[in-house]
Amino acid sequence: MLDKTYDAASVEPRIYNDWEKAGAFKAGVGAAPGSDPYCIVIPPPNVTGSLHMGHALNNTLQDILVRFERMRGRDVLWQAGTDHAGIATQMVVERQLADKGEKRRDLGREAFLERVWDWKAESGGTIIGQLKRLGASCDWSRERFTMDEGLSEAVLDVFVQLYKEGLIYKDKRLVNWDPVFQTAISDLEVETREVDGSMWEFAYPLVDGPVDGITEMVIATTRPETMLGDGAVAVHPSDERYKNLIGKMVRLPIAERHIPIIADEYPDPEFGTGAVKITGAHDFNDFEVARRNNIPLIPLMDTEARMVSTPDNSVPKHYHGLDRYDARELILKEIQELGFYRGKEDKIIAQPFGDRSNVVIEPMLTDQWYVNAAELAKPAIASVREGRTNFVPKNWEKTYFDWMENIQPWCISRQLWWGHRIPAWYGPDGTVFVEKTEDEARSAAQEHYGKDVDLDRDEDVLDTWFSSALWPFSTLGWPAETPELKRYYQTDVLITGFDIIFFWVARMMMMGLHFMKEEPFHTVYIHALVRDEKGAKMSKSKGNVIDPLDLIDDYSADALRFTLAAMAAQGRDIRLAKDRVEGYRNFGTKLWNAARFTQINGCERRKDFDPDATKLPLNRWVLTELSKAQADITRELESYRFNEAAGAAYRFIWNIFCDWYLELAKPVFNADDETEKRETQETAAFVLEQILVLLHPFMPFITEELWERLDADRRAHNGFLMHGSWQTLDFADDEAAQDLNWLVELVTAVRSVRAEMNVPAGARTNLVLVGASAKDEDRLQRYQPFLARLARVDDANIAETAPQASAQVILGTLTVCLPLEGVIDLDAERNRLLKEREKCDGEIGKLEKKLANENFLQKAPEDVVAEQRTRLEEEQEKRARISVSLDRLT
RNA sequence: GGGCGUAUAGCUCAGCGGGAGAGCACUUCGUUGACAUCGAAGGGGUCACUGGUUCAAUCCCAGUUACGCCCACCA
């Protein structure tokens with residue numbers, strides 16, 4: 001016998017353990033012979049991270065699909081693994097060092113990396129354990145890590161090949177520099193924020209005296225400290241004010257250099273003074289202007305954004321070592337003292353920040369490695385354009401195209417230690433040799449120099465996303481031609497959030513197409529962001545983070561999963577409210593109790609149960625409904641409408657099976673007719689079993705537990721429910737459906753009247769049907785016991801006219817009368833009927849107007865017109881009956 | 001400055017070219033042994049605003065307002 005209450009906290013870990021011990025998640029386990037492969041690669045979480053709500057949603061959706069397809073007999077691989085997360089992980093370990101007063105540079109590269117590996121060993125299992133709590137059925141035996149030997153091999157292969165194809169190159173240009181981590185970062189890792197700032201105006205005097213009465217050029221800047229590195233002052237060629245100044249020199253105060261006035265399209269004559277200082281080494285726009293005009297670039301800062309000396313002595317000695325913001329203050333002070341200060345305007349400015357470090361990014365002139373992304377993007381754009389890979393929902397394709405079509409070179413080198421070290425070696429003269437191993441580089445160098453030389457390896461590592469980009473094939477064994485690679489690539493669907501379309505999805509598309517000649521997946525499902533109840537993004541600093549593990553502890557993983565699925569409507573963010581989780585926890589309890597009820601009533605599954613052999617309309621009706629639910633849920637899951645699928649399951653289980661079927665089954669279970677009783681027991685058991693199947697992808701734990709607990713043989717003979725077979729019955733009995741709908745409506749009507757008339761709950765009443773057809777009479781007779789139980793009706797009869805003092809309700813062509821002599825409040829009943837009739841009048845008015853409209857009759861489809869006619873007749877009929885009832889009351 | 005999205009019950013959200021829905025909350029009633037983590041019955045909405053298309057608009061189109069997000073170099 002099932003326990004009186006379901007204890008998720010003890011059941012869930014136990015069930016998961018059983019699955020894992022049995023190797024139930026392994027690729028292909030439970031698959032039908034000869035079945036098609038189905039593969040999802042997990043978006044690898046940071047190896048040292050922990051589960052947040054985004055992971056919970058992301059992995060719930062994947063698990064639903066994976067379990068669904070597994071139950072459909074597909075050969076399923078959910079490829080698991082974690083990401084080394086370069087900056088994020090290094091940051092954590094550096095912080096740990098800082099707590100102990102240590103610095104990574106003091107430690108040295110090797111010792112530091114050891115610490116990181118230690119940290120990985122210590123915390124690397126955390127998130128995997130948390131995914132298991134959630135119920136994720138990944139093939140853990142194939143778990144990969146981006147810095148595994150095999151995956152590192154793939155990274156080297158890709159780097160070397162792209163280099164040799166000319167798609168990776170080294171370049172000296174401006175990059176986004178993070179002065180805290182002291183590394184370059186890519187455009188994507190920069191977050192532009194609007195902050196309070198100021199714009200100052202400085203004057204640069206003309207060296208050779210006034211021209212057209214102008215003695216100085218006034219420039220505006222939000223970054224005074226960079227003025228020391230100015231290489232020119234630019235004006236627009238069409239700007240009449242400065243026409244005769246082009247080519248003249250101005251004196252740069254403090255730096256005490258002479259720089260030219262140049263003409264360039266970049267300055268906007270309408271903005272400020274129309275003259276722009278050009279600081280090619282510290283501003284992206286200026287860099288382009290400087291390049292076009294051969295203006296020298298003068299880097300002013302070191303890797304921590306402190307002022308340094310320059311070859312041309314632009315930076316006076318007393319600035320050396322100053323932080324850029326201290327330098328700013330000093331510049332402002334000195335410019336004022338020198339009399340070149342021309343004013344200040346406070347304004348909001350857009351400022352770049354490192355998305356991890358939260359410090360202001362400094363454009364810096366450095367040597368970095370780049371991927372020619374524009375070239376790789378071409379086939380990736382075409383794939384989506386031509387429908388070989390589809391986004392769901394489709395509108396994300398626009399975002400993808402916009403970015404891919406304007407894609408910039410991808411800076412892939414990072415001045416970090418934790419990551420894949422770039423396979424490039426330099427000879428004594430700086431010649432670079434890119435090879436997979438030092439030996440190969442050495443022989444290449446030998447060939448180049450004609451002798452053996454010492455090589456220095458590039459110090460830098462690769463952007464984390466470089467290895468993630470290979471994930472769909474590197475995890476399957478590439479570059480080796482493994483059976484798994486052959487079988488599971490192309491994978492099926494990628495499930496991820498929109499925030500990493502650029503970081504990851506786009507790059508997987510590029511790499512997958514380039515190296516595998518085939519898209520990594522045919523579908524990209526983009527899910528929402530999980531927000532808090534008020535719609536704010538969850539963040540630690542706001543303190544509004546809901547920990548999925550807390551919800552699991554409080555309500556069960558099943559409840560959390562069902563909530564996330566039920567709220568995962570396409571194209572909308574999820575605002576997670578705890579009551580929803582609580583509600584779905586209750587849903588689990590409801591299912592548990594329903595199962596317990598069937599068990600108490602001896603509902604045992606018959607192995608050869610044949611739905612077609614059932615006789616009772618009650619059973620044939622629930623089988624019809626089951627069949628509909630199966631078809632609905634299957635269809636919705638196939639089209640990634642998780643919320644619809646969850647809703648269909650919920651409604652069938654609670655509103656059909658529990659509320660009506662089991663209630664209606666009660667009298668059958670208590671009746672003497674053994675045949676009917678047995679058929680109903682068997683049907684109930686069958687439907688419940690199918691419910692467990694339908695619900696399993698959403699609520700894997702409670703369903704698996706019930707599956708086993710309801711029938712001890714199952715585990716022994718059929719294995720796990722998770723390998724059970726998903727079915728679509730294709731059963732329909734319209735006659736039975738009409739029968740039961742009639743009964744449900746009648747019961748509902750009676751209950752409604754009773755409640756409105758304040759009939760005491762325990763009181764029993766009689767029922768009189770007026771206007772009953774032969775069919776109604778037959779049904780009334782057959783369903784008498786159900787009426788007795790569900791509507792507390794003792795005696796049900798047919799009559800020509802309604803009895804005196806009865807409450808009446810119109811149901812189609814029937815008038816349902818409850819004789820309530822002594823109980824009924826005549827005034828209340830009259831008011832109720834009047835209100836009812838008013839409603840009818842409103843409807844009739846609307847319908848009549850519509851049907852009087854010639855245009856409607858001519859242009860609307862026939863069936864719509866017919867439907868409106870029918871509705872009008874029904875309403876009129878109903879109104880007439882209400883009037884009759886009213887007459888009898890007076 | 002561009003792009004995307006959202007506005008429907010008190011709250012969180014579905015839905016949809018032809019009769020406004022769910023869950024939670026609320027009100028009333030209920031311990032007939034599956035379930036009070038429950039059951040029954042109710043109240044509650046100019047479907048943001050303004051126009052247009054249509055026989056018909058909450059739904060399609062345009063605009064407005066509000067909010068959110070993404071992208072972007074105005075010094």
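Every chain is numbered from 1 and lettered A, B, ... according to where its sequence line falls, protein lines coming before strand lines.
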Could you tell me whether the side chain of V524(A) reaches within less than 4.5 Å of the side chain of V392(A), counting heavy atoms only?
no

Got a second to check how far T703(A)'s OG1 is from L695(A)'s CG, nearest 0.5 Å?
6.0 Å

Could you tell me how far C59(B) sits from G52(B) if I compare only their P atoms? Round to whole Å.
14 Å

As a quick check of understanding, evaluate ring-ring contact (aromatic ring centres under 6.0 Å, His included) for Y204(A) and F340(A), giving each step before the final call.
CA-CA 7 Å; Y204(A) 296 171; F340(A) 294 114; 8.2 Å; no

Could you give me the CA-CA distance, side-chain angles and deciding distance for R641(A) and S639(A), then say whether side-chain hydrogen bond (donor to acceptor under 3.5 Å, both in side chains) is met?
CA-CA 6 Å; R641(A) 285 191 289 262; S639(A) 44; 3.2 Å; yes

E644(A), nearest nucleotide to its side chain (from C71(B), G15(B), C4(B)):
G15(B)

With respect to the side chain of E756(A), which nucleotide from G42(B), G18(B), G5(B) is positioned closest?
G42(B)

Under 6.0 Å between ring centres, would you say that holds for F502(A) and Y400(A)?
no

The side chain of V864(A) lies closest to which of these nucleotides: A75(B), C4(B), G18(B)?
G18(B)

P atom, U58(B) versus C49(B): distance in rounded Å?
10 Å

Between A56(B) and A14(B), how far is it from one P atom to the other, in whole Å?
30 Å

Derivation of the side-chain hydrogen bond (donor to acceptor under 3.5 Å, both in side chains) call for T226(A) and K277(A):
CA-CA 9 Å; T226(A) 66; K277(A) 70 193 262 301; 2.6 Å; yes

Taking C-beta and beyond as the side chain, do T221(A) and M227(A) meet within less than 4.5 Å on heavy atoms?
no

Any N/O pairs under 3.5 Å between the protein and nucleotides 52-61 of chain B? List them or say none.
from   : atom 1 : to      : atom 2 : distance (Å)
C55(B) : OP1    : K859(A) : NZ     : 2.5
C55(B) : O2'    : N853(A) : ND2    : 3.0

Each nucleotide in nucleotides 33-40 of chain B should get exactly one letter: B, S or -. Can you fill that in based on protein heavy atoms under 4.0 Å?
-BB-BSSS

Would you write the dot-bracket representation of RNA chain B, where each base gets (, ), [, ], | or . depending on whether it forms a Watson-Crick or G-U pair under 3.5 Å and with which partner?
(((((((..((((....[..)))).(((((.......))))).....(((((..]....))))))))))))....

Would you tell me whether N586(A) and T589(A) have side-chain atoms, one donor and one acceptor, within less than 3.5 Å of each other?
no

Roughly how many Å apart are U37(B) and C4(B), using the C1' atom of each and rounding to a whole number?
41 Å

R879(A)/E836(A) salt bridge by N-O under 4.0 Å criterion:
no

Once hydrogens and angles are ignored, does a donor-acceptor distance under 3.5 Å link the base of G19(B) to the side chain of R871(A)?
yes

May I ask you to check whether F562(A) and F698(A) place their ring centres under 6.0 Å from each other?
yes

Distances for protein N/O vs nucleotides 44-46 of chain B N/O pairs under 3.5 angstrom?
none

Aromatic ring centroids of F498(A) and F391(A) under 6.0 Å?
no

Rounded to whole angstrom, note down the C1' distance from G1(B) over to C24(B).
43 Å

Could you tell me which residues satisfy side chain to side chain contact (heavy atoms under 4.5 Å, CB included) with V809(A), sequence neighbours excluded, listed by chain and number?
A749(A), V753(A), V816(A)

Distance-only donor-acceptor pairs under 3.5 Å for side chains of residues 857-875 of chain A, two or more places apart:
from    : atom 1 : to      : atom 2 : distance (Å)
T870(A) : OG1    : A866(A) : O      : 2.8
R871(A) : NH2    : E843(A) : OE1    : 2.9

Would you indicate which nucleotide in C4(B), G23(B), U32(B) comes nearest to any side-chain atom of R580(A)?
G23(B)

Would you mind telling me which residue lines up with the more 5' stretch of RNA chain B, I348(A) or N655(A), judged by nearest nucleotide?
N655(A)

Might you confirm whether atom CD of E604(A) has over 12 heavy atoms from other residues, nucleotides or ligands at distances under 6.0 Å?
no

